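In the text below, chain A, chain B and the rest are named by the order of the sequence lines, each starting its count at 1. Values in this document were obtained by computation on a predicted structure and should not be read as measured data. What you see below is based on every heavy atom in this structure, not just the backbone, and it leaves out hydrogens, waters and symmetry mates.
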Amino acid sequence: MDVSPLLEGLNAAQREAVCAPLSHRLILAGAGAGKTRVLAHRIGWLCATEGFRPSQVLAVTFTNKAAREMQQRIRALLAEVEPGYGAAQGMWVGTFHGLAHRLLRLHWRDAGLVESFQILDADDQNRLLKRIVQDLELDESRFPPRQAAWWINGHKDEGRRAKHIQPTDPITRTWLRIYEAYEATCERSGLVDFAELLLRSLELWRQHPALLEHYRLRFPNVLVDEFQDTNTIQYAWVRLLVGDSGCAFVVGDDDQAIYGWRGARVENVRRFLDDYPHAATLRLEQNYRSTGNILDAANSVIAHNHSRLGKNLWTSADSGAPILVYSAYNEMDEARFVVEDMERRRAESSLRFADLAVLYRSNALSRVLEESLIGRGLPYRIHGGLKFFERAEIKDSMAYLRLIAHRHDDAAFERAVNTPPRGIGQRTLEAVRHVAATRQSSLWESATWCAHDGGLAARSKQALDRFLGLIDQLDGDTRDTSLAQRVDAVLDRSGLRAHYGAGGRGALEDRSDNLDELVSVASRYMPPDEDPIDSELAAFLAFAALEAGEAQASEDQDSVSLMTMHAAKGLEFDVVYLVGLEEGVFPSHRSVDEDDRLDEERRLAYVGMTRARQQLVLSHAETRRLHGSDHYHMPSRFLREVPEHLIQAVRAAQRPLSAYPARVSPPPNAHDELPKGMKVGDRVVHPKFGEGTLTEAEGSGAHTRVQIVFDQAGSKWLVLSYAPLERATRRS
DNA sequence: AAAGACAATTTTTTT
DNA sequence: AATTGTCTTT
């Protein structure tokens, strides 16, 4: 057997990681240091030289995309090492949720589930919670369903069920009541949300030691990617599986931990070292992606963070071009600059559109850029946004399929009953829900009863009965047909196709196109080889929930990428434009008050900057129109944290206004002064609060509000035209 | 029961 | 600004 492909092209540190002896390892790998590569090669190494079969390897990633990539790389490697190796048979590579789901499908009985349990996505969960909050007769404005979901998921992510929580105050008591009711509903309807997948599978192992032992023996090797993004329960899951006998190989970068706000615990990295004192730490610090200047800039920014595990990226590459910083008048000027710069670069070199990316803090910033790109006719692709399976019309269709597969799915029932409208209104539903609540039954059972026995109007009974009959018939009639035919039958006989086809209220035509696309997706769908689910429909439903799919399909077309910095993690481009570098935008105004959050923003900046291979372009706007009103922000602190000698500044003022493309209107009052001749950044004085700095402004004319950070009195928002503010006289 | 006016809301995202 | 959900009207 030739193991050389496994080591080819690896540097000393990478090689050490790949060939490490069998014991626990923590690999701290900086951006662009080849961590995914190391992970794939490590698995190849384990199989080729340590005598493991691929089926003895379990590797976890965070996204489906990463899982697919990993699987492909390993397959290619193994094929090279040992031609005809049966291509990674039996290997478990997937997301935490995907693997947990597989476990629950295999051991549904032991996990206390019904065989046909359904997965509840975030949207389903919110709807269900809304229903529950209403049923409990609580004030929705005081207990918003979204917040309830947040509260419940937060506890589940920490491994706590309702019974583990001791309420100390009335508010917590109420949240707990919601949690309990939610648990009961999910139980009764056979529904499992994302957090539940993990918690259930963890409990499955805890409560069935023999089963756990089986998996420990089966997977002596457990590998985790993006370890800094694991939450409490994911960590517990890995720890339980590894136990004392297994071998954990975890890869991460504490400087790229950007998901703390959704429960990820960077501390898990340290905790791993506490829990496995013999684990050796290896650092991958050589970066193969970016120029020296880009790395220097990124390193300088991240150096401002507290409590890092310590790591300094270096490269043998040239320092490259300086970091460009563009100061725009406003967001339109900024977008114009970005697009013109792209055109210029493309004219001067052989860059493809796909080598260019614009990254921003929040999705709201993408619109202007999009308009500018359209104006100049450049192809682009916005990543993120609504996924295919999250679209309303698709979810409507899926609700029918879910009911066909599992009648007791209350979430699907609520969605499908009256979509499209078929005369089953609030009153009727109220009655159905009431019966369900008193009998502790699913909505389906309750509806069956109501359609014949309840005290409903004959009309309503009939409508209800027709709906129930429709589902039963769809199930019966299409049982032996292909998945695509089933979907097609659902669209036709449910009336959804006619409903969306009619074009509704100004509704976009692609709604109906999406329905056709769903049929086509179904016809192309192939259940995974080693899937524990025997029904094609059930497998398809799980696929839709776990893998919502990219919104735009045109992946092959050469186009500029637009996305949030979060979405850019793991990707790289020759030229990266980081726009909206303004205090209050990035770092976000919701983060500036807390050190921890600010650190996370800074890590996000680090992630964004290190996406660039050749050229990094940073920009900020003096004025930005956001949510309908004007904002005047100071340049982001992250800009100031980039050493000056790395920067080449481009001032907007050098460009005449007449150079603006005709379709973008010239900026009104762009860099103008605020009323009273003030500008952001000025020193001001207030008779009562003393001296301070004008840091931000919002609104225009007489409504302009400004934020002043007073030297003594703290920060305050004042209406400029009323506040007795004066410009401070400069002291000598 | 369904359409239309009105008000509130707006980080980041995966599964 | 624009989307989203709630309330009102017919």
Phosphate OP1/OP2 of [N]: any [X] side-chain N/O under 4.0 Å:
| X | N | answer |
| --- | --- | --- |
| A/Lys387 | B/dT14 | yes |
| A/Thr564 | B/dT13 | yes |
| A/Asn418 | B/dA1 | no |

Closest listed nucleotide, where the reference is the side chain of [X] and the choices are [options]:
| X | options | answer |
| --- | --- | --- |
| A/Thr428 | B/dT13, B/dA1, B/dT15 | B/dA1 |
| A/Pro421 | B/dT15, B/dT11, B/dA2 | B/dA2 |
| A/Thr95 | B/dT12, B/dT15, B/dT13 | B/dT15 |
| A/Arg427 | B/dA2, B/dA1, B/dT13 | B/dA1 |

Round to a whole Å and report the spacing from [atom1] of [X] to [atom2] of [N].
| X | N | atom1 | atom2 | value |
| --- | --- | --- | --- | --- |
| A/Leu429 | B/dA2 | CG | C1' | 14 Å |
| A/Tyr360 | B/dT12 | OH | P | 10 Å |
| A/His631 | B/dT10 | NE2 | C1' | 11 Å |
| A/Leu464 | B/dA1 | CG | P | 11 Å |
| A/Gln118 | B/dT15 | CD | P | 19 Å |
| A/Leu359 | B/dT13 | CG | P | 12 Å |
| A/Leu120 | B/dT14 | CG | C1' | 15 Å |
| A/His97 | B/dT14 | NE2 | P | 12 Å |

Rounded to the nearest 0.5 Å, what's the gap from CZ on A/Arg466 to CG on A/Leu464? Could you check?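 With rounding to 0.5 Å, CZ (A/Arg466) is 11.5 Å from CG (A/Leu464).
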
Over 60° means perpendicular and under 30° means parallel, so tell me whether A/His631 and A/His633 are parallel, tilted or perpendicular. parallel

For the C1' atoms, the ones on C/dG5 and on B/dT12, what distance do you get once it is rounded to whole angstrom? 23 Å

Could you give the distance separating B/dT11 and C/dT6 at their C1' atoms, to the nearest angstrom? 25 Å

Over all strands shown, is [X] touching base, sugar-phosphate only, or nothing at heavy-atom distances under 4.0 angstrom?
| X | answer |
| --- | --- |
| A/Arg597 | base |
| A/Asn363 | sugar-phosphate |
| A/Asp229 | nothing |

Pairing of [X] and [Y] as salt bridge, 4.0 angstrom limit:
| X | Y | result |
| --- | --- | --- |
| A/Asp599 | A/Arg602 | yes |
| A/Lys387 | A/Asp121 | no |
| A/Asp410 | A/Arg131 | no |
| A/Glu331 | A/Arg625 | no |

Check side chain to side chain contact (heavy atoms under 4.5 Å, CB included) between A/Asp595 and all other residues, then give those that pass, not counting sequence neighbours. none

Strictly under 4.0 angstrom, non-hydrogen atoms only: write out the protein contact profile of nucleotides 1-10 of chain C, one letter per nucleotide from the 5' end, B, S or -. B---SS----

5' precedence on DNA chain B between A/Leu546 and A/Ser588 (nearest-nucleotide basis): A/Ser588

Hits for side-chain hydrogen bond (donor to acceptor under 3.5 Å, both in side chains) against A/Glu158, two or more places apart or cross-chain, chain-then-number order -> A/Thr232, A/Arg265

Please answer whether B/dT12 and A/Trp261 are stacked, defined here as ring centres separated by less than 5.5 Å and planes angled under 30°. yes

